[in-house]
Structure formats: structure tokens, C-alpha cells
Amino acid sequence: MNRTETGGRTHFPAIRLSRCRIGEEVESISIRKGIFSDGRPFIEETWYEDIYMLTVFMPPSGLKADDYFVLDEDLATVPPVYEEVRDCLIREGYRPWLFVDSARVSICCCGADDDRLLSINIVLEDGALISGIPFLPKNYRE
């Protein structure tokens with residue numbers, strides 16, 4: 001996904017999930033869209049398929065993940081990528097406890113060269129979802 005800079009502000013194109021959702025059927029619990037503080041769009045989805053999951057879709061532009069981008073590869077196994085994505089999401093207000101166990105997080109690459117996305121998948125504890133703990137960043141805006 002290409003980004004452009006105008007007047008010191010980075011602009012990212014809108015996210016098109018159709019590039020990442022080929023033949024996938026999941027039971028969505030909620031879907032929320034917003035823009036992070038750096039102007040990066042995101043889509044957050046909580047869903048269930050045998051386990052509860054939180055997925056955050058966002059462009060990798062400007063992150064180390066863009067340098068390592070390979071379709072269908074899990075970049076969570078690359079420490080600098082995992083750490084940067086984790087730190088980015090925590091900085092945007094996601095709760096640090098979501099990232100305590102890196103084995104419960106995957107960072108997948110999807111899309112095409114001109115429309116790259118990261119799919120950050122986090123396994124949730126059943127109780128966390130039921131208790132209504134918010135996952136959405138504190139500075140969330142549509």
C-alpha cells in the first residue's frame with residue numbers, strides 16, 4: 001500500500017479487505033474502522049472460529065514489516081517486526097496484556113504489492129471478551 005506525504009503529513013489509501021478475504025468465512029462479533037495517530041487507517045475485528053480472536057488490519061508502510069513483506073508468512077517470528085508492531089499498537093492504546101505471550105500473536109501479510117496489509121491476529125481469552133474489556137485504542141477516531 002503506497003503512502004504519500006503532503007505538508008509533513010503522511011496519507012495512506014483506504015483499506016480494502018477484499019484482497020485479504022478470499023474464501024474466508026468467520027463469525028464476526030464486531031468490526032470497527034478508524035485512523036491511528038500517524039494517519040494510518042485500521043480495521044479491527046473481533047471474531048470467533050473455535051477460539052475468540054482480535055484482528056487488526058493496517059498498512060505496513062513505514063514499518064519494518066514492509067521490508068520483510070512476504071505473502072502468507074507469519075512475521076511475528078521476526079523479533080524486530082513483532083516488537084515494532086506490538087509497540088505501535090500499544091502506543092495507539094491497545095492493552096499491553098494482549099501481547100504478553102508472543103505465541104498467541106501472528107502477523108500475516110496479505111494483499112498485492114500496491115495494496116499491502118498486515119493482519120495482526122491475537123488469540124483472546126474467553127473471559128476477556130465476555131467481561132467487555134475494550135480492545136479499541138483510547139484515541140480511536142473514525
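Remember, it's a predicted structure, so these values are computed and weren't measured experimentally.
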Practice task
Indicate the ring-plane relationship of F42 and F36, choosing parallel, tilted or perpendicular according to the 30° and 60° boundaries.
Solution key: parallel
Handout entry: Partner of L75 by side-chain contact (heavy atoms from CB on, under 4.5 Å), out of V81, I120, V85
Key = V81
Problem - D74 versus S106, side-chain donor and acceptor atoms under 3.5 Å - result: no
Fill in the blank from the handout: So CD1 of I31 and CZ of F57: to nearest 0.5 Å the spacing works out to 8.5 Å
Handout entry: Between CE on residue M58 and CD1 on residue I35, distance to nearest 0.5 Å
Key = 14.5 Å
Practice task
Say whether, by atom type as modelled, one donor and one acceptor occur between the side chain of N121 and the main chain of S119 under 3.5 angstrom.
Solution key: yes
Practice task
Please tell me if the side chains of Y52 and I29 come closer than 4.5 Å, counting only heavy atoms from C-beta onward.
Solution key: yes
Practice task
Taking all heavy atoms of F99 and all of Y82, pick out the closest pair and write down the distance.
Solution key: O-OH, 3.0 Å
Handout entry: Heavy-atom pair with the smallest gap, counting every atom of S61 and R40
Key = O-NH1, 2.8 Å
Exercise for the section: Apply side-chain contact (heavy atoms from CB on, under 4.5 Å) to the pair M53 and I122, showing each step before the final yes or no. Expected result: CA-CA 6 Å; M53 297 289 294; I122 304 165; 5.9 Å; no
Exercise for the section: For side-chain contact (heavy atoms from CB on, under 4.5 Å), just list the numbers for L98 and L124, CA-CA rounded to whole Å, side-chain angles, deciding distance to a tenth of an Å, and then say yes or no. Expected result: CA-CA 8 Å; L98 290 169; L124 299 175; 3.7 Å; yes
Exercise for the section: To the nearest 0.5 angstrom, please state how far the CD atom of E92 sits from the CD atom of E44. Expected result: 12.0 Å
Problem - salt bridge (charged side-chain N to carboxylate O under 4.0 Å, His left out) pairs, two or more places apart, involving residues 102-111 - result: R104-E125
Practice task
Step by step, work out the side-chain contact (heavy atoms from CB on, under 4.5 Å) result for I43 and V56.
Solution key: CA-CA 6 Å; I43 297 176; V56 178; over 6 Å; no
Completion exercise
Taken to the nearest 0.5 Å, the spacing of Y68 OH from L63 CG works out to 12.5 Å
Practice task
Evaluate the side-chain proximity of R86 to P96: yes if any heavy-atom separation is below 4.5 Å, no if none is.
Solution key: no
Handout entry: Separation between CG of L54 and CH2 of W47, rounded to the nearest 0.5 Å
Key = 10.5 Å
Completion exercise
Heavy-atom closest pair (P41 atom, P59 atom, distance to 0.1 Å) is O-CD, 3.2 Å
Problem - Note, R116 side chain near C109 side chain (heavy atom, < 4.5 Å) - result: no
Exercise for the section: Hey, could you give me the CG/CG distance between D66 and L118, rounded to the nearest 0.5 Å? Expected result: 8.0 Å
Problem - Flag for T46-S30: side-chain donor and acceptor within less than 3.5 Å - result: yes
